[in-house]
Amino acid sequence: MWNKFGNSRLPARFFAKCQNMKIKKICQVELKPTSPFNFDATFHKPDHFTSGDNYWQPGVKWQTWWWKGKDVGLKFENKGVVDKPKILISVYAASKLNKKLLNSLIEEIKYRYNLDFNLGDFYKSFSKDKVLNPIIKKWRGMRPGHPSSLYEYLIIGIVLQNATVRRSIQMFKALLEKYGKPLEFDDKKLWCFWAPGALKNVFEEELRSLKVGYRAKSIKRIDDYFAQRLMDESELRQKDRETQMKELLKLYGVGPATVWYLLFDVFHHWDFFNHISPWEQKIYSKLFFNRDPEDPVPVEKLLKHFEKYGDYKQLAVHYIWEDLWWKRKNQNIPWLEKLIRA
């Protein structure tokens, strides 16, 4: 989704003004995702911008997680192979989590990273597709995955609106420094997101002082909405897609474009594809039609092109999109770099 890039660890000076909360390992949990499973391609998305709440290296991912009132640190380690996957999760917290809370955390991890997703039908459906099948073979076992709650995703989406990558990073950094909590665990220092509703007593003027501009109103309205418990993510997951769209569009500053992203990343609708941003339009035009990004293919034509992926439209494009950003990690792609700098 996001036009964001790079490894997700911020420099030490980012934490200079805050006292780190040191948390300890309280338990380890072993999970066995459905096979096949690609650990690195699931837990690391190269198109994501530096957010400061996670750090990845091949075979290992560190992630902070606010969960039901607890600030948690997670370390994911790859202990298996694609066809026989196994993940070891080390859980860090200030104090022991009760069994019910720990179990709910593990179930949430499985949901957000799609660890129980069966990719068999998707792979079978496109085993003869000349564009998609080679990418499927290359990234066999990759799942869509996003560590953020609906609330966190909305805040991130707001700072990405109408802004360059550098500007978005500056805004998010300012928000985390002000309202997040710096955690230290397993020799890593990472920020943990604040709780939904934590900005209840924050005035819009204070948010504007962080140089987020007009987005201050959207951030404040979204936080107030969640503070009043007018939306329950768990309950909304159980609703049909039309109901989810209707409820999401009630949120201030959330339009059809944001809803489209939410339906894929947060609510796991693999077939819903009805929006393409101008930036993505340029990239898709080059990827699928080898067209000059500055003379892009009309959105209507692109959407029609994706219809061939049927029930897996969004998932298919996700595979092709992620393949592009992994290539960028290892080689220079001039036309793409030009779009990133724009």
Side-chain angles (χ1 to χ4, degrees), residues 4 6-29 31 42-45 48-78 87-113 145-156 159 168-200 202 210 219 223 226 233:
K4 48 188 182 178
N7 218 342
S8 300
R9 194 178 189 185
L10 297 183
R13 64 178 181 275
F14 190 35
F15 297 88
K17 294 183 288 184
C18 300
Q19 184 176 358
N20 298 326
M21 176 182 173
K22 293 187 178 182
I23 53 179
K24 58 188 178 183
K25 184 191 295 186
I26 60 169
C27 69
Q28 289 186 315
V29 178
L31 292 182
T42 298
F43 280 98
H44 180 62
K45 303 298 183 182
H48 289 191
F49 77 64
T50 304
S51 59
D53 67 345
N54 68 88
Y55 183 66
W56 169 85
Q57 65 185 40
V60 189
K61 173 74 174 287
W62 292 266
Q63 177 75 55
T64 60
W65 202 288
W66 185 90
W67 184 244
K68 296 187 177 181
K70 299 290 185 179
D71 300 303
V72 178
L74 300 171
K75 180 182 181 181
F76 302 97
E77 297 178 82
N78 185 16
I87 303 170
L88 180 64
I89 306 175
S90 298
V91 182
Y92 296 79
S95 60
K96 188 175 181 180
L97 306 183
N98 64 51
K99 186 176 181 180
K100 182 178 180 180
L101 184 61
L102 178 61
N103 287 342
S104 68
L105 172 64
I106 297 303
E107 288 304 310
E108 187 67 12
I109 289 169
K110 290 163 65 176
Y111 175 85
R112 294 190 193 178
Y113 286 107
H146 201 283
S148 301
S149 67
L150 172 59
Y151 171 84
E152 293 162 354
Y153 198 103
L154 286 163
I155 298 298
I156 293 170
V159 300
S168 293
I169 291 173
Q170 289 173 342
M171 289 187 285
F172 194 63
K173 172 180 178 293
L175 289 166
L176 274 178
E177 282 187 319
K178 186 70 173 179
Y179 307 113
K181 182 177 291 184
L183 303 182
E184 185 174 345
F185 65 99
D186 198 46
D187 296 323
K188 296 291 181 291
K189 297 177 181 179
L190 298 168
W191 284 93
C192 189
F193 221 101
W194 60 89
L199 309 182
K200 183 178 180 179
V202 174
L210 300 177
I219 292 170
D223 187 74
F226 278 80
E233 179 178 353

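All of these numbers come straight from a predicted model, not from anything done at the bench.
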Between [atom1] of [X] and [atom2] of [Y], what distance do you get to the nearest 0.5 Å?
| X | Y | atom1 | atom2 | answer |
| --- | --- | --- | --- | --- |
| I89 | L31 | CD1 | CG | 4.0 Å |
| I169 | M171 | CD1 | CE | 10.0 Å |
| E77 | W62 | CD | CH2 | 7.5 Å |
| K189 | K22 | NZ | NZ | 7.5 Å |
| W66 | E152 | CH2 | CD | 8.5 Å |
| L175 | L210 | CG | CG | 6.0 Å |

Apply side chain to side chain contact (heavy atoms under 4.5 Å, CB included) to the pair D71 and T64, showing each step before the final yes or no. CA-CA 7 Å; D71 300 303; T64 60; over 6 Å; no

Intermediate values then yes/no, side chain to side chain contact (heavy atoms under 4.5 Å, CB included), C27 and L102: CA-CA 9 Å; C27 69; L102 178 61; 3.7 Å; yes

If you look at every heavy atom in [X] and [Y], which pair is closest and at what distance?
| X | Y | value |
| --- | --- | --- |
| R112 | S149 | NH1-N, 3.4 Å |
| Y55 | Q57 | CE2-OE1, 4.1 Å |
| K200 | D223 | N-OD2, 3.3 Å |
| Q28 | L88 | NE2-CD2, 3.7 Å |
| N98 | L101 | OD1-N, 2.7 Å |
| K70 | S95 | NZ-OG, 4.0 Å |

Does some side-chain heavy atom of [Y] sit less than 4.5 Å from a side-chain heavy atom of [X]?
| X | Y | answer |
| --- | --- | --- |
| I156 | S148 | yes |
| I87 | F43 | yes |
| L74 | V91 | yes |
| L190 | F185 | yes |

Please test I219 against V202 for side chain to side chain contact (heavy atoms under 4.5 Å, CB included), starting from the C-alpha separation and ending with a verdict. CA-CA 11 Å; I219 292 170; V202 174; over 6 Å; no

So, Y179 and W191: side-chain donor and acceptor under 3.5 Å apart, yes or no? no

Could you check whether W67 and S104, counting side-chain N and O atoms only, form a donor-acceptor pair closer than 3.5 Å?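 On atom types as modelled, these side chains qualify, holding a pair under 3.5 Å.
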
If the plane angle is over 60° it's perpendicular, under 30° parallel, otherwise tilted; pick one for [X] and [Y].
| X | Y | answer |
| --- | --- | --- |
| W194 | Y151 | perpendicular |
| W56 | H44 | parallel |
| H146 | Y153 | tilted |

Would Y92 and L183 satisfy side chain to side chain contact (heavy atoms under 4.5 Å, CB included), going step by step from the backbone distance to the final call? CA-CA 10 Å; Y92 296 79; L183 303 182; over 6 Å; no

E184 side chain to N20 main-chain N or O, any donor-acceptor pair under 3.5 Å?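 Pair absent, no side-chain N/O of E184 close to backbone of N20.
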
